[in-house]
Amino acid sequence: MRIKIINPNTTWSMTEKIGACARSVARPGTEIVAVSPSMGPASIESHYDEALAVPGLLQEIAAGEREGIDGYVIACFGDPGLQAARELARGPVVGIAQAAMHVASLVGTRFSVVTTLGRTVGQAWHLAEAYGMKRFCANVRACEIAVLELEAPGSKARERIVDECRRALDEDGCDTIVLGCAGMADLCAHIGQLLGVPVVDGVAAGTQLVESLVNLRLSTSKRGELAAPPAKPIAGLLEGFTLPAPPLKRAA
Ligand code: 2AL
């Protein structure tokens, strides 16, 4: 089985960290292909960043379809481009916020999300609502750490995230923590040991969910909304995204 983990930002040090995390939980025999798009922002922490990350992400899905990839994880907590990616892919596509929230709902009663910047809090709530997870979500908290600070040695990011997780447990009435950024994947085990509650990282959860879906022989439903997008002219800079017309159906 080949699973492609797409870090939709273009910071390859983060992509390598995400790939290592996915490999550490994948079963023997599962190949993890961890990539960043060839174009897009260095980090994703605004709606603008998300929008600009999506074309490169979709290129990686389209390439994955040609390469015979079995399933995909979108490794950014805003789950950018998730539904468009599902339209392009045959196999399952799971976003890390989607994966982490669902898994957290299975091991606790209420989770708090601990994320990067305050400006991303609204998007996390929006996703919780969209996924039907709002009733499990006690709170969404920000550490005011920029995504690229997570990569910077000496940023004290780990300590600040742990402090925010402790405040979540003290103040939110939650029993589970969801880490709100793919760049936090390497901190999950450490934070879980310190706090003594389930701490869910979406990269690990997403990798194992996609692996399970592929093993269950479940792919993305192509009936209705997630069918391949209709072919049409696409102009300007995005011309390369024009899809081939589907093969003509033969009359019976
Ligand atoms: C993220 C993430 O997971 N990767 C990225 O660039 N931005 N999400 C976030 N809430 O900061």
Side-chain angles (χ1 to χ4, degrees), residues 4-22 25 34-58 60 72-82 85 93-104 111-131 133 137 139-152 155-158 160-161 164-165 168 177-188 191 199-207 209-210:
K4 193 170 194 178
I5 317 281
I6 306 171
N7 169 20
N9 77 40
T10 50
T11 298
W12 275 88
S13 57
M14 192 177 290
T15 311
E16 277 160 25
K17 180 163 80 178
I18 289 167
C21 165
V25 299
V35 297
S36 271
S38 65
M39 59 179 172
S43 63
I44 301 168
E45 43 204 7
S46 65
H47 296 290
Y48 184 77
D49 291 341
E50 278 202 14
L52 291 181
V54 171
L57 165 85
L58 294 178
E60 288 299 334
Y72 303 84
V73 177
I74 298 181
C76 171
F77 204 80
D79 293 354
L82 175 60
V93 188
V94 168
I96 62 167
Q98 183 184 41
M101 289 181 192
H102 282 86
V103 165
F111 61 80
S112 283
V113 177
V114 173
T115 190
T116 53
L117 297 182
R119 64 177 302 153
T120 69
V121 164
Q123 174 67 352
W125 275 117
H126 169 76
L127 293 179
E129 171 91 57
Y131 299 146
M133 288 285 125
C137 187
N139 203 359
V140 181
R141 292 172 163 264
C143 308
E144 297 307 343
I145 298 171
V147 172
L148 296 182
E149 256 187 283
L150 294 168
E151 301 299 287
S155 70
K156 297 251 184 257
R158 188 162 91 167
R160 287 157 65 192
I161 293 164
E164 201 58 43
C165 291
I177 299 291
V178 166
L179 297 178
C181 180
M184 298 176 182
D186 56 332
L187 308 178
C188 183
I191 299 176
V199 176
V200 184
D201 153 49
V203 175
T207 302
L209 282 184
V210 169

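All ligand and atom numbering here is 1-based and tracks the order in the structure. Only this structure's heavy atoms are used, side chains among them; waters, hydrogens and symmetry mates stay out.
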Would you sort out whether Asp79 and Ile96 count as a side-chain contact (heavy atoms from CB on, under 4.5 Å), showing the intermediate values?
CA-CA 7 Å; Asp79 293 354; Ile96 62 167; 4.3 Å; yes
For ligand 1, which atoms have a heavy atom of Ala182 less than 4.0 angstrom away?
2 (C), 3 (O)
Which atom names give the shortest non-hydrogen contact between Ile5 and Ala75, and what distance separates them?
CG2-CB, 4.0 Å
Salt bridge present between Arg160 and Glu144 (N-O < 4.0 angstrom):
no
To which of Ile44, Ile145, Asp79, Ile96 does the heavy atom nearest atom 6 (O) of ligand 1 belong?
Ile44
Using a 4.5 Å cut-off on heavy atoms from C-beta on, say whether the side chain of Leu150 contacts that of Cys181.
yes
With atom 9 (C) of ligand 1 as the reference point, say which of Asp49, Thr116, Val140, Ile74 has the nearest heavy atom.
Thr116
Quick check: does Asn9 get an N/O under 3.5 Å from an N/O on ligand 1?
yes
Report yes if some heavy atom in the side chain of Ile145 is under 4.5 Å from a heavy atom in the side chain of Ser155; otherwise report no.
no
Tell me which one of Val178, Leu179, Val203 satisfies side chain to side chain contact (heavy atoms under 4.5 Å, CB included) with Phe77.
Val178
For the CG atom of Asp49 and the OG atom of Ser43, what is their distance to the nearest 0.5 Å?
5.5 Å
Does Gly180 reach ligand 1, in the sense of a heavy atom lying below 4.0 Å from it?
yes
Does Ser43 come within less than 4.0 angstrom of ligand 1, counting non-hydrogen atoms of the residue?
yes
Say whether Ala75, considering both its backbone and side-chain N or O atoms, lies within less than 3.5 Å of an N or O atom on ligand 1.
no
Tell me the protein heavy atom at minimum distance from atom 4 (N) of ligand 1, and give that distance in Å.
Cys76 SG, 3.6 Å
Going by the atom numbers of ligand 1, which of them fall below 4.0 Å from some non-hydrogen atom of Thr115?
10 (N)
